[in-house]
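In each ligand, atom 1 is the first atom listed, and ligand 1 is the first ligand listed.
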Amino acid sequence: MSNMRTVGTAARLASKRPFRVSIEGNIGSGKSTCIKFFEKFRNVEAHPEPLKEWRNVAGHNLLGLVYSEVNTWTFPFQHYVHLSRLKIQTSPPSHADITVKMFERSVQNSRHCFVENAKKQHYLQDPEYEVLMSWYDYTEKNLDIALDLIVYLRTTPQVVWERVMKRGRAEESEVPLAYLQEVHDSYENWLSAPDVGCEVLTIDADKNLDAVVEDLERYSYKILGGNHTN
Ligand SMILES: Nc1ncnc2c1ncn2[C@@H]1O[C@H](COP(=O)(O)OP(=O)(O)OP(=O)(O)O)[C@@H](O)[C@H]1O
Ligand SMILES: Nc1nc(=O)c2ncn([C@H]3C[C@H](O)[C@@H](CO)O3)c2[nH]1
């Protein structure tokens with residue numbers, strides 16, 4: 001992991017790219033809420049998840065389709081998620097004094113979390129999985145998508161399921177607790193491994209909003225790259 005981190009840091013220093021932070025967590029864990037908290041900093045460029053894009057791909061709501069027919073639409077949906085995340089993660093900063101680029105989930109998340117789960121649950125056929133892996137391998141070898149920090153909003157499936165049902169996004173209205181358990185387990189497998197490739201700051205996001213905001217405040221120096229030499 002330290003070598004991966006060195007590579008990432010070296011790439012950042014060489015290209016003087018901003019500090020890259022991915023806000024990670026289950027559906028309904030509070031990522032958008034976290035992004036909104038940091039948007040107020042002038043030197044931060046924050047990117048929420050491109051839901052609008054996923055809901056209108058030449059008039060097709062891919063997000064709705066993947067929830068309605070998961071076996072048919074996971075493969076195309078993961079392709080489009082890859083494209084949209086790649087655009088966010090590799091685009092240059094919007095102006096010169098941006099020193100932190102923050103986004104909701106990442107290319108690494110798709111590969112190590114959602115696509116791994118889709119393979120495990122057979123939402124993807126093996127050949128489809130291998131095609132996606134070829135994309136990820138090429139991307140990681142040829143583009144600088146390295147992350148400097150992951151903020152993991154860790155939750156329990158029951159808590160986020162209640163939030164998702166209360167929030168009431170149309171596409172997610174039928175999401176079973178079991179699916180949130182799958183996504184949770186995929187996150188845990190990914191972020192508890194020794195070779196994530198960057199530091200992981202875990203925050204207990206089961207807590208109420210005020211308590212989580214207090215933690216974001218407490219860790220904001222670190223989340224905004226304070227401990228890294230720019
Ligand atoms: N700590 C919290 N306590 C209670 N409710 C919360 C908390 N954090 C977020 N919420 C609420 O839960 C819902 C989900 O929050 P949010 O949209 O930030 O999650 P998210 O991680 O962005 O979800 P998704 O992955 O689906 O985009 C929202 O209605 C939000 O107001
Ligand atoms: N299948 C699948 N693969 C992904 O890579 C992925 N990334 C996000 N999402 C879903 C979760 C929320 O419903 C909604 C907003 O996070 O989009 C995904 N679903």
Report summary line: heavy-atom search around atom 22 (O) of ligand 1 in the protein gives Ser32 OG, 2.5 Å

Requested in this report: For atom 19 (N) of ligand 2, find the nearest protein heavy atom and state the residue, atom name and distance (0.1 Å precision).
Outcome: Phe77 CE2, 3.5 Å

Report task. Considering non-hydrogen atoms only, spot the tightest contact between Thr90 and Asp144 and give its length. Result -> CG2-O, 4.3 Å

Query - Sub-3.5 Å N/O-N/O distance, Glu49 and ligand 2 - result: yes

Query raised in the report: Which atoms of ligand 2 sit under 4.0 Å from any heavy atom of Val81?
Result: 5 (O)

Requested in this report: Considering only NZ, NE, NH1 and NH2 on the basic side and carboxylate oxygens on the acidic side, decide whether Glu199 and Lys222 come within less than 4.0 Å.
Outcome: yes

Query raised in the report: Are any of the N/O atoms in Gly28 less than 3.5 Å from those in ligand 1?
Result: yes

Query raised in the report: Closest heavy-atom contact between Glu45 and Ser94?
Result: OE1-N, 2.5 Å

Query raised in the report: Hey, is Arg167 close enough to Glu172 for a salt bridge, meaning N to O under 4.0 Å?
Result: yes

Query - Minimum heavy-atom distance between Ser22 and Ser106, given as atom pair plus value - result: OG-CB, 3.5 Å

Query raised in the report: Considering only heavy atoms, does Leu63 approach ligand 2 within less than 4.0 Å through its side chain, its backbone, both, or neither?
Result: side chain

Query raised in the report: So, for atom 31 (O) of ligand 1, does the protein have a heavy atom nearer than 4.0 Å?
Result: no

Query raised in the report: Taking atom types as modelled, is there a side-chain donor on Tyr152 or Glu188 under 3.5 Å from an acceptor on the other?
Result: yes

Requested in this report: May I ask whether Arg111 places a heavy atom under 4.0 Å from ligand 2?
Outcome: no

Query raised in the report: Of all the non-hydrogen atoms in the protein, which one sits nearest to atom 7 (C) of ligand 1, and at what distance?
Result: Leu209 CD1, 3.3 Å

Query - Heavy atom of the protein closest to atom 7 (N) of ligand 2 (residue, atom name, distance) - result: Arg85 NH2, 3.1 Å

Requested in this report: Could you tell me whether the side chain of Asn117 and the main chain of Cys113 form a donor-acceptor pair under 3.5 Å?
Outcome: no

Requested in this report: Measure the distance from atom 4 (C) of ligand 2 to every protein heavy atom, then report the residue, atom name and distance (to 0.1 Å) of the closest one.
Outcome: Phe114 CG, 3.3 Å

Query - Distance from atom 8 (C) of ligand 2 to nearest protein heavy atom, with residue and atom - result: Arg105 NH1, 3.3 Å

Query raised in the report: Closest non-hydrogen protein atom to atom 19 (O) of ligand 1, residue and atom name please, with distance?
Result: Gly30 N, 3.1 Å

**Report entry** Closest protein heavy atom to atom 1 (N) of ligand 1, given as residue, atom name and distance to 0.1 Å
**Finding:** Lys207 O, 2.9 Å

**Report entry** Shortest protein heavy-atom distance from atom 1 (N) of ligand 2, along with the residue and atom involved
**Finding:** Gln78 OE1, 3.5 Å

Query raised in the report: For the residue pair Tyr123 and Trp73, is the inter-centroid distance of their aromatic rings smaller than 6.0 Å?
Result: no

Report task. Quick one: sort the Trp190 and Tyr187 rings into parallel, tilted or perpendicular, breaks at 30° and 60°. Result -> tilted

Query - Protein residue, atom and distance nearest to atom 17 (O) of ligand 1, heavy-atom basis - result: Arg167 NH1, 2.8 Å

Query raised in the report: If you measure from the Lys or Arg side-chain nitrogens to the Asp or Glu carboxylate oxygens, is any gap between Glu214 and Lys207 under 4.0 Å?
Result: no

Requested in this report: Using a strict cut-off of less than 4.0 Å between a Lys/Arg side-chain nitrogen and an Asp/Glu carboxylate oxygen, indicate whether Asp204 and Arg154 qualify as a salt bridge.
Outcome: no

Report task. Would you check whether Arg105 reaches within less than 4.0 Å of ligand 1, judged by its heavy atoms? Result -> yes

Query raised in the report: Where is the nearest protein heavy atom to atom 4 (C) of ligand 1: which residue, which atom, and how far?
Result: Arg163 NE, 3.6 Å

Query raised in the report: Could Arg105 and Glu49 be called an ion pair, given the rule that one side-chain N must be under 4.0 Å from one carboxylate O?
Result: yes

Requested in this report: Write out the residue and atom name of the closest protein heavy atom to atom 9 (C) of ligand 1, then the distance separating them to 0.1 Å.
Outcome: Thr33 OG1, 3.7 Å

Query raised in the report: Is the shortest N/O to N/O distance between Arg169 and ligand 2 below 3.5 Å?
Result: no

Query raised in the report: Is there a donor in the side chain of Thr155 and an acceptor in the side chain of Asn26, or the other way round, less than 3.5 Å apart?
Result: no

Query raised in the report: Contact between Tyr179 and ligand 2, counting heavy atoms under 4.0 Å?
Result: yes

Report task. Could you tell me whether Glu53 and Lys87 make a salt bridge, using a distance below 4.0 angstrom between a side-chain N and a carboxylate O? Result -> yes

Query raised in the report: What residue and heavy atom of the protein are closest to atom 12 (C) of ligand 2, and at what distance?
Result: Glu172 OE2, 3.3 Å

Query raised in the report: Quick one: does Tyr129's side chain have a donor or acceptor within less than 3.5 Å of a partner on Lys119's backbone?
Result: no

Query raised in the report: Hey, does Trp54 sit under 4.0 Å from ligand 2 if you only count heavy atoms?
Result: yes

Query raised in the report: Closest heavy-atom contact between Tyr219 and Leu201?
Result: CB-CD2, 3.8 Å

Query raised in the report: Should the proximity of Leu51 to ligand 2, defined as any heavy atom under 4.0 Å, be assigned to the side chain, the backbone, both, or neither?
Result: side chain

Report task. Note the single closest protein heavy atom to atom 21 (O) of ligand 1, along with its residue, its atom name and the distance in Å. Result -> Lys31 NZ, 2.5 Å

Report summary line: Of Glu104, Arg169, Glu171, the residue with the heavy atom nearest atom 26 (O) of ligand 1 is Arg169

Query raised in the report: If you measure from each non-hydrogen atom of Asn26 to ligand 1, which part falls under 4.0 Å: side chain, backbone, both or neither?
Result: backbone

